[in-house]
*Asks:* 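Can you keep this structure in mind? I'll have questions shortly.
Protein chains get the first letters and strands the later ones, always in sequence-line order, with residue 1 at the start of each. A quick note: this is a predicted structure, and the numbers were derived from the prediction, not measured.
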Amino acid sequence: MACRYWLFKSEPGAYSYQDLERDRVAEWDGVRNYQARNMLRDDIQEGDGVLFYHSSTTELGVVGTATVVRAGYPDHTSWDPNSEHPDPKSTPENPTWYMVDIKPTGRLAGPVTLARMRAAPELQQMVLLRRGVRLSIQPVTEAEWQMVCHMGGANP
DNA sequence: GCCAACGTTGGC
DNA sequence: GCCAACGTTGGC
């Protein structure tokens, strides 16, 4: 897959865009879904763009952008029994789960809400809007990236 | 390898 | 809080 743009979902109660701005760099750990793992491990490259989406909150939508600063590497929290998502089957020698590091590149001037995206004819093919898709990491096309950034009043 | 039961996600 | 949709688990 030669995708250069992605959408990462996060519940702002757990980790918000504001948290990312505070931290400057975030290890995107804790992903425990094989489809998402494959993208983290195989496809997401340094320099790729990330739409940061807030889920399970009052204002659903993309609130900012980020960029990948480190491509996929083993998620060390998976073999830490005290982490939030331990997996006894994952070891340093044979890791099951992967993560990337991202840093914020700018809050959108206005949030691009889920409702606005649903209403945009240009975005009808977005993975996010597909019925039943719950992936927390999704590929985004360049056209979709441009459109969301445009709708958000950003120029990354 | 099938598939029912269960757990999770996430919008509403 | 509800529930549709999906992923995972485990008995057979």
*Asks:* At under 4.0 Å, does any side-chain N or O of A:Y53 touch on OP1 or OP2 of B:dG11?
*Replies:*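 Checking B:dG11 against A:Y53, a side-chain N or O does come within under 4.0 Å of OP1 or OP2.
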*Asks:* Can you check the A:Y34 OH to B:dT8 P distance for me, whole Å?
*Replies:*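 After rounding, the gap between these two atoms is 15 Å.
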*Asks:* Can you tell me the distance, in whole Å, between the CD atom of A:E84 and the C1' atom of B:dT8?
*Replies:*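 Roughly 16 Å, once rounded to whole Å.
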*Asks:* Rounding to a whole Å, what distance do you find between A:H85:NE2 and B:dG7:C1'?
*Replies:*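 Interatomic distance, NE2 of A:H85 to C1' of B:dG7: 15 Å.
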*Asks:* Quick one, A:R70 with A:V100, criterion side chain to side chain contact (heavy atoms under 4.5 Å, CB included). Give me CA distance, side-chain angles, the key distance, then yes/no.
*Replies:* CA-CA 6 Å; A:R70 183 174 175 186; A:V100 299; 5.9 Å; no
*Asks:* I need the CG-C1' distance between A:N33 and C:dT8, as an integer number of Å.
*Replies:*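 That distance rounds to 10 Å.
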*Asks:* A:R130 CZ to B:dG10 C1': how many Å, rounded?
*Replies:*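 Value for this atom pair: 17 Å.
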*Asks:* Provide, to the nearest angstrom, the distance between the CE atom belonging to A:M126 and the P atom belonging to B:dG11.
*Replies:*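 That distance rounds to 13 Å.
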*Asks:* Check every strand shown and say whether A:R32 touches a base, only sugar-phosphate, or nothing at a heavy-atom separation below 4.0 Å.
*Replies:*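 The answer is nothing, as A:R32 stays clear of every strand by at least 4.0 Å.
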*Asks:* How long is the line joining CZ of A:R134 and C1' of B:dT8, in whole Å?
*Replies:*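 The distance from CZ of A:R134 to C1' of B:dT8 comes to 6 Å, rounded to the nearest Å.
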*Asks:* Are A:Y34 and A:W97 an aromatic pair, judged by ring center distance below 6.0 Å?
*Replies:*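 When the ring centroids of A:W97 and A:Y34 are compared, they turn out to be within the sub-6.0 Å range.
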*Asks:* Tell me whether the side-chain N/O atoms of A:R37 come closer than 4.0 Å to OP1 or OP2 in C:dG7.
*Replies:*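 Looking at the OP1 and OP2 atoms of C:dG7, neither is under 4.0 Å from any side-chain N or O of A:R37.
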*Asks:* Grab the CG-P distance between A:L114 and B:dG10 for me, whole Å please.
*Replies:*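 One finds 12 Å between P of B:dG10 and CG of A:L114, rounded.
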*Asks:* Say you draw a straight line from CD1 of A:I102 to CH2 of A:W28; how long is it, rounded to the nearest 0.5 Å?
*Replies:*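 Between atom CD1 of A:I102 and atom CH2 of A:W28 there are 4.5 Å.
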*Asks:* Under 4.0 Å between any heavy atoms, over every strand shown, what does A:Q35 touch: base, sugar-phosphate, or nothing? Just pick one.
*Replies:*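 Sugar-phosphate, backbone atoms only, no base.
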*Asks:* Is A:K9 near enough to B:dG10 that one of its side-chain N or O atoms lies under 4.0 angstrom from OP1 or OP2?
*Replies:*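 Affirmative; the distance criterion is met.
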*Asks:* Keeping the roles fixed (side chain from A:D48, backbone from A:Q45), state whether a donor-acceptor pair exists under 3.5 Å.
*Replies:*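 Yes, the answer is positive, given that a donor and an acceptor are paired below the 3.5 Å cut-off.
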*Asks:* Between C:dG7, B:dC12, B:dG10, which nucleotide gets closest to the side-chain atoms of A:S56?
*Replies:*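 Of all the options, the side chain of A:S56 is nearest to B:dG10.
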*Asks:* Could you check whether A:E21 pairs with A:R107 (Lys NZ or Arg NE/NH1/NH2 to Asp/Glu carboxylate O, under 4.0 Å)?
*Replies:*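 A salt bridge links A:E21 with A:R107.
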